[in-house]
Protein chains: 2
Amino acid sequence: MTNDCRLCPMKTKATSMLSDCSLDQLSNNHLELKLQKGDAIIKQGTYSTNVTFLRSGIAKIHLAGPYNEQIVKIAKAPCYLGLPTTFGSKINQYSVTAVSDVEVCYIDLTVFQTILDENKTFTQELIQEFCRNELESFHRCANRTQKMIRGNMADALLDFADNIFKSDSFNLPLSQTEFANLVDTSRESVSRVLSEFEKDGILKITGRKIDILNKKSLVLVSQNG
Amino acid sequence: MTNDCRLCPMKTKATSMLSDCSLDQLSNNHLELKLQKGDAIIKQGTYSTNVTFLRSGIAKIHLAGPYNEQIVKIAKAPCYLGLPTTFGSKINQYSVTAVSDVEVCYIDLTVFQTILDENKTFTQELIQEFCRNELESFHRCANRTQKMIRGNMADALLDFADNIFKSDSFNLPLSQTEFANLVDTSRESVSRVLSEFEKDGILKITGRKIDILNKKSLVLVSQNG
DNA sequence: ATTATTTTGTGATATTCATCACAATGACTA
DNA sequence: TAGTCATTGTGATGAATATCACAAAATAAT
């Protein structure tokens with residue numbers, strides 16, 4: 001695999017704004033790794049000295065809540081991971097774990113900072129990303145706390161279909177326990193509701209393979225429970 | 001009241017980094033207003049063309065959840081309001097409403113953007129603020145969804161005491177209905193739990209005046225319910 | 001292949017809270 | 001001053017869902 005960021009096929013919108021010169025700097029100061037499903041990419045509580053770029057694959061962002069592990073959201077390449085920690089804190093405030101095989105680049109923080117300083121558009125893109133994330137997290141939090149289980153599960157399934165996999169047929173990359181931590185319920189409830197969805201003809205479930213058979217119903221459930 | 005930002009006693013850390021020149025620019029391009037408790041500062045769904053600076057007072061940041069109004073958090077001067085919307089969206093994704101009498105400055109967005117472009121440290125401060133907010137909102141969301149009513153109410157009361165008023169005796173600037181929207185419960189539950197806290201000798205409640213009598217207990221409730 | 005170990009399905013029970021209902025108080029208004 | 005309207009206190013009831021308890025599959029390990 002090439003180590004040249006100019007040739008990286010996974011450039012984000014933000015990165016694609018960079019000059020060749022900046023990209024050279026990136027290339028020379030990063031470490032590229034392949035990790036397996038289940039491997040930790042970032043660990044809550046440890047020191048953060050890098051910016052992490054998720055080159056390919058899917059990861060879960062999660063943290064230790066007061067009682068249970070909480071999966072905040074699912075991240076899909078290409079994207080940066082752990083940026084909030086990088087600028088807002090020294091130690092990682094959350095963990096990121098691969099839920100599929102992934103490729104990641106660890107970029108030296110000072111190099112990243114330098115590039116940021118020298119590229120207004122890159123900075124602007126990044127600020128916009130932060131802002132969108134914050135807005136998104138407000139809405140997500142309101143949904144999670146107000147909707148009931150069926151609504152939240154429908155939301156999560158639609159997110160996988162529409163945003164993560166862009167297909168109504170996909171392999172759920174989470175166990176039911178993890179899924180429960182994503183939608184704030186118990187593992188048992190996840191199992192029960194999935195069965196219900198199947199019985200209602202909304203889903204076809206084969207192991208962890210999910211086919212959305214009746215998307216309109218699923219959207220209705222998302223809206224009304 | 002002076003309209004000169006150089007003399008504004010409420011400058012944020014970020015703003016204090018600006019050169020006099022930049023501050024002049026600010027001074028000449030903003031609108032200063034006094035608003036009353038209950039007045040809208042930013043309205044969800046409307047177009048956003050300004051950056052808003054909360055000069056003095058307290059405001060609630062809230063949005064329409066799927067079923068109820070959700071108060072995301074309480075903001076206290078000095079701070080910027082609506083920045084995420086400014087950069088991440090064109091229309092306001094949430095509302096901000098004064099919960100005490102407030103003074104606000106509406107700053108023209110393009111001027112703000114220009115100043116931002118010309119001041120690296122200002123930009124960095126802002127990015128750090130975004131990041132801290134995002135981390136904070138992750139944790140807040142995990143707490144809200146996992147803790148039970150008593151724990152969440154204790155958290156909110158401690159937030160008022162420690163961060164907003166910096167005193168264990170304060171006037172709650174919210175009705176019980178609003179308080180319920182802040183901690184994700186029903187108004188009735190808020191009433192009941194407040195009574196419980198009073199009966200347990202944790203609080204003294206006189207109308208909306210709250211005295212925290214036994215902070216250790218309150219912290220314990222926050223941790224264990 | 002044969003154990004372990006993790007993951008999943010499903011019933012019975014218990015708990016937390018929301019909702020409904022209505023009285024009481026307080027605040028603003030005509 | 002009375003009268004409307006918003007806020008608060010408190011009981012009774014019901015709904016949603018967590019928890020407990022196993023059994024059954026499915027995966028991984030030896």
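Throughout, protein chains are lettered first and strands after them, A, B, ... in sequence-line order, and every chain is numbered starting at 1. Nothing here was measured: the structure is a model prediction, and the numbers come from that model.
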>> Looking only at side-chain N and O atoms, does A/T85 offer a donor or acceptor that is under 3.5 Å from a partner on A/Q93?
In response: no
> To the nearest 10 degrees, what angle separates the axes at the start and end of the helix from C/dA1-D/dT30 to C/dA30-D/dT1, five pairs each?
Replying inline: 40°
> B/F160 vs B/F165 aromatic rings, parallel, tilted or perpendicular, using cut-offs 30° and 60°?
Replying inline: parallel
> Please give, in whole Å, the distance from D/dT10 C1' to B/E198 CD?
Replying inline: 15 Å
> Can you name the closest pair of heavy atoms from B/A98 and B/Q36 and give their distance?
Replying inline: CB-O, 3.6 Å
>> My understanding is that only one of A/K37, A/H62, A/K43 makes a side chain to side chain donor-acceptor pair (under 3.5 Å) with A/T97; could you say which?
In response: A/H62
>> Just checking B/F112 against B/Y80, ring centres under 6.0 Å apart?
In response: yes
> Separation of A/E196 atom CD from C/dG9 atom C1', in whole Å?
Replying inline: 13 Å
> What does nucleotides 11-30 of chain D look like as a protein-contact string, B for base, S for sugar-phosphate only, - for none, at under 4.0 angstrom between heavy atoms?
Replying inline: BB---SSSBB----------
> With respect to the phosphate group of D/dA6, does any side-chain polar atom (N or O) of B/S175 fall under 4.0 Å of OP1 or OP2?
Replying inline: no
> Who are the side chain to side chain contact (heavy atoms under 4.5 Å, CB included) partners of A/R192, not counting sequence neighbours?
Replying inline: A/E188
> Using 4.0 Å as the upper bound for N to carboxylate O, is an ion pair formed by B/D159 and B/K76?
Replying inline: no
> Where along nucleotides 24-29 of chain C does protein come under 4.0 Å, by heavy atom, of base (B) or sugar-phosphate alone (S), with - for untouched nucleotides?
Replying inline: ------
>> I'd like to check the side chain to side chain contact (heavy atoms under 4.5 Å, CB included) partners of B/N143; sequence neighbours left out, ordered by chain and number.
In response: A/P66, B/K147, B/D155
> Between A/E198 and A/K204, is the closest basic N to carboxylate O distance under 4.0 Å?
Replying inline: no
>> Distance check needed: C/dT16 P versus B/N152 CG, whole Å only.
In response: 15 Å
> Do B/S195 side-chain atoms and B/S191 backbone N/O form a donor-acceptor pair below 3.5 Å?
Replying inline: yes
> Counting N and O atoms only, with roles assigned by atom type, does the side chain of B/T145 sit under 3.5 Å from a partner on the main chain of B/C141, one being a donor and the other an acceptor?
Replying inline: yes
>> Between C1' on C/dC17 and CD on B/Q176, what's the gap in Å once rounded to a whole number?
In response: 16 Å
> What integer distance in Å separates B/E178:CD from D/dT8:C1'?
Replying inline: 14 Å
> Expressed in angstrom and rounded to an integer, what is the separation of A/Q146 atom CD from C/dA18 atom C1'?
Replying inline: 13 Å
> Could A/K209 and A/D211 be called an ion pair, given the rule that one side-chain N must be under 4.0 Å from one carboxylate O?
Replying inline: yes
>> Any base atoms under 4.0 Å from A/S191, or only sugar-phosphate, or nothing? Heavy atoms, all strands.
In response: base
>> Give me the atom names and distance for the closest heavy-atom approach of B/A77 to B/L54.
In response: CB-O, 3.4 Å
>> If we ignore hydrogens and angles and just use 3.5 Å, is the side chain of B/N181 paired with the main-chain N or O of B/Q70 as donor and acceptor?
In response: no
> Is there a residue in residues 58-75 of chain B whose heavy atoms reach under 4.0 Å of DNA chain D, and which residues are they?
Replying inline: none
>> Distance check needed: C/dT7 P versus A/L172 CG, whole Å only.
In response: 13 Å
